[in-house]
There are 2 protein chains.
Amino acid sequence: MKKIEINSERFDNMVENIKKYGGCPVSATLKIIGGKWKPLILYFISVDVNRFGQLQRMMPDCSKRMMTTQLRELEKDGLINRKVFAEVPPKVIYTLTITGENLRPLFGELRKWGIENILEPKKKS
Amino acid sequence: MKKIEINSERFDNMVENIKKYGGCPVSATLKIIGGKWKPLILYFISVDVNRFGQLQRMMPDCSKRMMTTQLRELEKDGLINRKVFAEVPPKVIYTLTITGENLRPLFGELRKWGIENILEPKKKS
DNA sequence: CAGAATCCAGCACGATACTG
DNA sequence: CAGTATCGTGCTGGATTCTG
């Protein structure tokens with residue numbers, strides 16, 4: 001019987017990610033984008049509302065603390081970039097990564113289903 | 001100046017749902033399908049694993065309590081039907097509603113993004 | 001301006017035992 | 001078979017204060 005040869009860091013990466021997210025790509029995705037303010041944050045960044053203060057003004061119900069933690073998680077998960085300018089007063093710009101940009105069709109489907117099935121459910125007539 | 005006339009239960013319904021889910025259809029959708037076991041449950045029901053015990057065997061890490069609460073929430077949100085047969089021993093069958101079936105393309109996108117961006121992220125080479 | 005630190009409440013979720 | 005009932009805990013997220 002032949003041994004199976006597996007050889008790639010990519011495989012290690014997969015194993016790591018599968019363990020981390022329970023093996024289901026759907027659950028994994030939901031976990032990453034499912035934070036309370038993440039969809040809104042991603043949306044605003046995608047339309048160039050890209051500074052901390054601006055984001056706060058768009059989402060007054062999101063505290064600074066929450067804004068910070070959600071931004072850090074999005075950064076850690078590779079959905080956004082954080083660029084710090086060494087100025088006084090400090091200036092930070094957030095942008096979507098490629099991975100973040102890749103979310104667009106997914107968000108389109110999320111939005112579509114939400115509108116058609118929750119916000120404006122058709123009467124069964 | 002003319003008063004705007006708004007008249008429809010549909011509008012009331014929308015207002016209700018918008019308040020309930022914060023007005024963002026994306027967040028609303030994520031809230032509904034984002035339960036810890038809901039994607040798996042919906043998936044298994046969609047492939048006709050439609051009884052409580054069967055679902056439990058497919059997801060041994062999901063306790064009875066969690067299975068019950070998640071199923072009840074899915075039912076309340078109109079994604080699944082629960083049909084009870086008056087027999088001994090009791091028999092219950094779960095099926096997707098139309099609204100639940102409508103999730104298919106969305107789940108397709110969730111799965112696709114998860115695989116391409118988390119489980120098997122491309123090296124930048 | 002863009003956070004960090006600390007404290008705290010609520011609830012999601014888990015473990016276990018019991019039931020029509 | 002398909003659940004309840006009860007108890008317990010850890011994490012998510014809120015309020016407030018402080019800082020380079």
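Protein chains get the first letters and strands the later ones, always in sequence-line order, with residue 1 at the start of each. Here the structure is a predicted model, which is why all the values come from computation and not from measurement. Computed from heavy atoms alone, side chains included, the values below leave out hydrogens, waters and symmetry copies.
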| Nearest of C:dC1, D:dG14, C:dC13 to any side-chain atom of B:K36? |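 Among C:dC1, D:dG14, C:dC13, the one nearest the side chain of B:K36 is C:dC13.
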[X] [atom1] - [N] [atom2] separation (whole Å):
X	N	atom1	atom2	value
A:R72	D:dT12	CZ	P	17 Å
B:I41	D:dG3	CD1	P	11 Å
A:L71	C:dA2	CG	P	11 Å
A:K83	C:dA2	NZ	P	15 Å
A:Q70	D:dC11	CD	P	17 Å
B:R82	D:dC1	CZ	C1'	12 Å
A:W37	D:dG14	CH2	C1'	11 Å
A:L74	C:dG3	CG	P	13 Å

| Donor-acceptor pair, side chain of A:Q54 and main chain of A:N50, under 3.5 angstrom |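 Answer holds: yes.
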| Test item: A:T99 side-chain N/O and A:L79 main-chain N/O as donor-acceptor pair under 3.5 Å |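 No, because the side chain of A:T99 does not come within donor-acceptor range (under 3.5 Å) of the backbone of A:L79.
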| request: Would you kindly confirm whether A:L96 and A:M58 end up in one hydrophobic cluster when ILVMFWY residues are joined by side chain heavy atoms under 4.5 Å apart? | output: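 Result: yes, single cluster for both.
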| request: Give a yes or no on whether A:V92 and A:V88 share a hydrophobic cluster (residues Ile, Leu, Val, Met, Phe, Trp, Tyr; joining criterion: side-chain heavy atoms under 4.5 Å apart). | output: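 A:V92 and A:V88: separate clusters.
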| Residues which pass salt bridge (Lys or Arg N to Asp or Glu O under 4.0 Å) with A:K36, listed by chain and number, not counting sequence neighbours |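 Here no residue qualifies.
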| task | Verify the neighbour count for atom CD1 of B:I93: are there more than 12 heavy atoms of other residues, nucleotides or ligands below 6.0 Å? | result |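 Correct, the count exceeds 12.
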| task | Describe the nucleic acid contact of B:Y94 in one word from base, sugar-phosphate, nothing, applying a heavy-atom distance below 4.0 Å. | result |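 Sugar-phosphate: the residue B:Y94, judged by heavy atoms under 4.0 Å, touches backbone atoms but no base.
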| query | Near DNA chain D, which residues from residues 49-68 of chain A have a heavy atom under 4.0 Å away? | reply |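 A:R65, A:M66, in order of number.
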